[in-house]
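Throughout, a chain's letter reflects where its sequence line sits, starting with A, and its residues are numbered from 1. Not measured: the values here are computed from a predicted model.
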2 protein chains.
Amino acid sequence: MTIAPRKQKILAAVIENYIACGEPIGSKSLMNEDLNVSSATIRNELADLTAKGFLVQPHTSAGRIPTEDGYRYYVDNIMEVKSPDERVKRYIQSRLRSCDDAPERILETAGKILSELLMTVAAATTPPGENARVHKLKFVQTGRYTSMLVLITSSGMVKSRLFRCDYAITPEMLNVFDRSLNEALAGRPLTSVNQPFAQTFAASFGELGLLMPDMLNAVMDACSEASGINIYTSGTTKLLYQNGLDLISARNILEFLGDSSESEKMLSNVPDGTNIYIGRENPSPLLRHSSLISARYNIEKQPAGTLAVIGSTQIDYKKAVSILEYTAETVSELISELVRKG
Amino acid sequence: MTIAPRKQKILAAVIENYIACGEPIGSKSLMNEDLNVSSATIRNELADLTAKGFLVQPHTSAGRIPTEDGYRYYVDNIMEVKSPDERVKRYIQSRLRSCDDAPERILETAGKILSELLMTVAAATTPPGENARVHKLKFVQTGRYTSMLVLITSSGMVKSRLFRCDYAITPEMLNVFDRSLNEALAGRPLTSVNQPFAQTFAASFGELGLLMPDMLNAVMDACSEASGINIYTSGTTKLLYQNGLDLISARNILEFLGDSSESEKMLSNVPDGTNIYIGRENPSPLLRHSSLISARYNIEKQPAGTLAVIGSTQIDYKKAVSILEYTAETVSELISELVRKG
DNA sequence: ATTAGCACTCTAAGTGTTCGAGTGCTAATC
DNA sequence: GATTAGCACTCGAACACTTAGAGTGCTAAT
């Protein structure tokens, strides 16, 4: 459906004003926009937009507020997304560059930035590590009975795990573990480091194998974490500050994020590029009264993970998309650079 | 001020009912308690308790609600704290024992347990590491330009840091760093590992010292984190579910926790044992309409850190104290055990 | 000291009324 | 044919008013 330019302009004005102030918008307040027509004309247009289903009146003597269809039309056909301010860009760059040591940090920081700048809940998924392999393992003794395992994957992720044994650990023992595990695991897919593997591995050492379960648990644990998707959530407390978001929706958003299976599935199945789900368009029933805006980031041109913000349907779509896209772009660059450098 | 037993019983009944249902409590509903007196008698007692300032009426035809003084009297003189249910104890034990690898994990988990069981925000401070010393440092190469530093303190804390250099790292180089840093630092107070030290240290290596700044930054960073107090906060989202807590207080609690200098100062200056701050008794103005309940935990009988929950003044003090004390006790035992084992 | 009884107070909830914001429609105008 | 001024209309917010009921304090009797 295509709509006359002036009508689009009016629709955009209603939506942008409504997003800004949260009150229904009447014909008179729209005369401030540079439309140069009388309020009666505007009313005619508003009536038409209402008939088309883009606006509704809460009651006869109120102004209009956008419907979800209205937001959808706005987002698809009217909204012009601009690149963020130079100042904002610099801020995003500096925040993200200050944690150039690890991809996880970058993603976590990206989530924080988004939630700060957009005053919403934000989420960032790590790239799926299912195809990654073990690159290297290393043990560091941290106490008489405790050690730290450091796992480095082929994709450059670093995971560490502390573990404790029932017996006093000796450097020699750790060396044996280190050598044999690296031999056995280097190049193996993370997903293949599972219970059966651990048993076979321990068994092949006879007596010595009895000393291994704690350590092998740590290894499996680290591999399984590195092979899955992790979600960093930021700004949940922003829900207390949002307007246009009722308590129930706020709780639903929290439950969506708290249920990692649901949010993981949803966020990792989001299409490439930028995507907006408005209210009932959301796959998850928990978000049916909220909006989710997502952007994918890439590593070396390959689709990798998702950044997303969630808020009321009355969220500032233009600003959100602009900042989200720029952040995703920057994240892509920085992580790609890390991977390239190795 | 001492109060007749029956009056105490009535005060307790009002408070406990009010905490449970959030509605003002009238004389009739108190007849269900086993007082065996008429509502008129209860009214006389209520009038007296109101005159003493322990109760107020929101309006003439309403029941009574407790004042902060009322809560204070209840907490000091009436409330009998019992040890938690066996089931709850077992749950706390199992959760805390499942992370027996690191003190930090135990504290983080303790916070989570508290916020889950009490449906409030919880905080846990790490022991101040100001007197701790460097025990050992270890480097693990994670990429061509990146490495991980693992710092182990004399108090058994383990901190890791990733860092990146401009030049390709060689195992030999890491070995040199490792050896010379361990030599220079082992036994040194964490707080003495600062900028001046780093400069002197790097200078003593001449040319080679130019390669060190990134690594030394990581070392200083890790030491300064380990020497300070960290606060683990859990359950901030519970604020959305609490009743008796208005939006402003909820935000204030968040701000209190967000301002680490304030919360750090407050939480680490809390007296030994269990402590309850009700409303205006709170040192921080941000908590003047909330209650904070804290319990200290010990390491090897030495005061170490604080566990705390924060909620509306209408929080279930009895349950909170009971669970908080048991958790603090268990944390003390587990961490002491870790330290003893080394 | 306790209690039954009662007058009293005050809120929550419902009703009626007014005010005004915003509308849709119509007839006049460009 | 599009635009606009004008006007009647609608409906909610705000306020006043009423009523019902919960809870009280007081008094006189036990």
Side-chain angles (χ1 to χ4, degrees), chain A residues 2-67 70 243-244 246, chain B residues 2-67 70 243-244 246:
Chain A
T2 174
I3 296 189
R6 192 178 61 190
K7 240 169 238 168
Q8 289 203 359
K9 207 165 166 185
I10 290 177
L11 179 57
V14 171
I15 290 181
E16 282 163 18
N17 277 304
Y18 181 67
I19 285 173
C21 74
E23 304 273 293
I25 308 298
S27 56
K28 272 182 200 158
S29 66
L30 287 172
M31 292 182 64
N32 300 332
E33 313 291 318
D34 53 349
L35 295 159
N36 295 317
V37 288
S38 75
S39 69
T41 308
I42 297 178
R43 277 203 294 284
N44 285 329
E45 304 283 49
L46 287 177
D48 199 48
L49 287 165
T50 306
K52 286 198 164 65
F54 293 148
L55 299 174
V56 280
Q57 279 181 289
H59 55 81
T60 339
S61 68
R64 305 304 213 279
I65 61 177
T67 62
N243 41 20
D246 57 306
Chain B
T2 174
I3 296 189
R6 194 178 60 189
K7 239 171 237 166
Q8 289 204 358
K9 208 165 166 185
I10 289 177
L11 179 57
V14 171
I15 290 180
E16 283 164 17
N17 277 304
Y18 181 67
I19 285 172
C21 74
E23 303 274 292
I25 308 298
S27 58
K28 272 182 201 159
S29 66
L30 286 172
M31 292 181 64
N32 300 331
E33 313 291 317
D34 52 348
L35 295 159
N36 295 318
V37 290
S38 74
S39 70
T41 309
I42 297 177
R43 277 204 293 286
N44 285 329
E45 303 284 49
L46 287 178
D48 199 49
L49 287 165
T50 306
K52 286 197 164 64
F54 293 149
L55 299 175
V56 280
Q57 278 181 289
H59 55 81
T60 341
S61 69
R64 306 303 213 279
I65 61 177
T67 61
N243 41 19
D246 57 306

Without decimals, in angstroms, what is the distance between [X] [atom1] and [N] [atom2]?
X	N	atom1	atom2	answer
B:I42	C:dA4	CD1	P	12 Å
B:M31	D:dT24	CE	P	12 Å
A:E45	D:dG1	CD	P	17 Å
B:E23	C:dA12	CD	P	11 Å
B:I10	D:dT24	CD1	C1'	15 Å
A:I65	D:dG12	CD1	C1'	15 Å
B:K7	C:dA1	NZ	C1'	12 Å
B:N44	C:dG5	CG	C1'	14 Å

Reading nucleotides 16-22 of chain C from 5' to 3' and marking B where a protein heavy atom lies under 4.0 Å of the base, S where only the sugar-phosphate is that close, and - otherwise, the string is ----BBS
So CD1 of B:I3 and CD1 of B:I10: to nearest 0.5 Å the spacing works out to 11.0 Å
Between A:T67 and A:G53, the two heavy atoms sitting closest are OG1-O, 2.7 Å
Of all heavy-atom pairs linking B:S39 and B:S27, the shortest is O-CB, 3.8 Å
Counting C-beta onward and ignoring hydrogens, is there a side-chain heavy-atom pair between [X] and [Y] closer than 4.5 Å?
X	Y	answer
A:N17	A:L30	yes
B:K7	B:D48	yes
A:V14	A:F54	no

Heavy-atom nearest nucleotide on DNA chain C taken for B:P58 and for A:T50; more 5' hit belongs to B:P58
Notebook entry, point to check: Between A:R6 and A:E45, does at least one N-O distance fall below 4.0 Å, as a salt bridge requires?
Noted result: yes
The Watson-Crick or G-U wobble partner of D:dA2, with both key distances under 3.5 Å, is C:dT29
In Watson-Crick or G-U wobble terms, with both distances under 3.5 Å, the base opposite D:dA28 is C:dT3
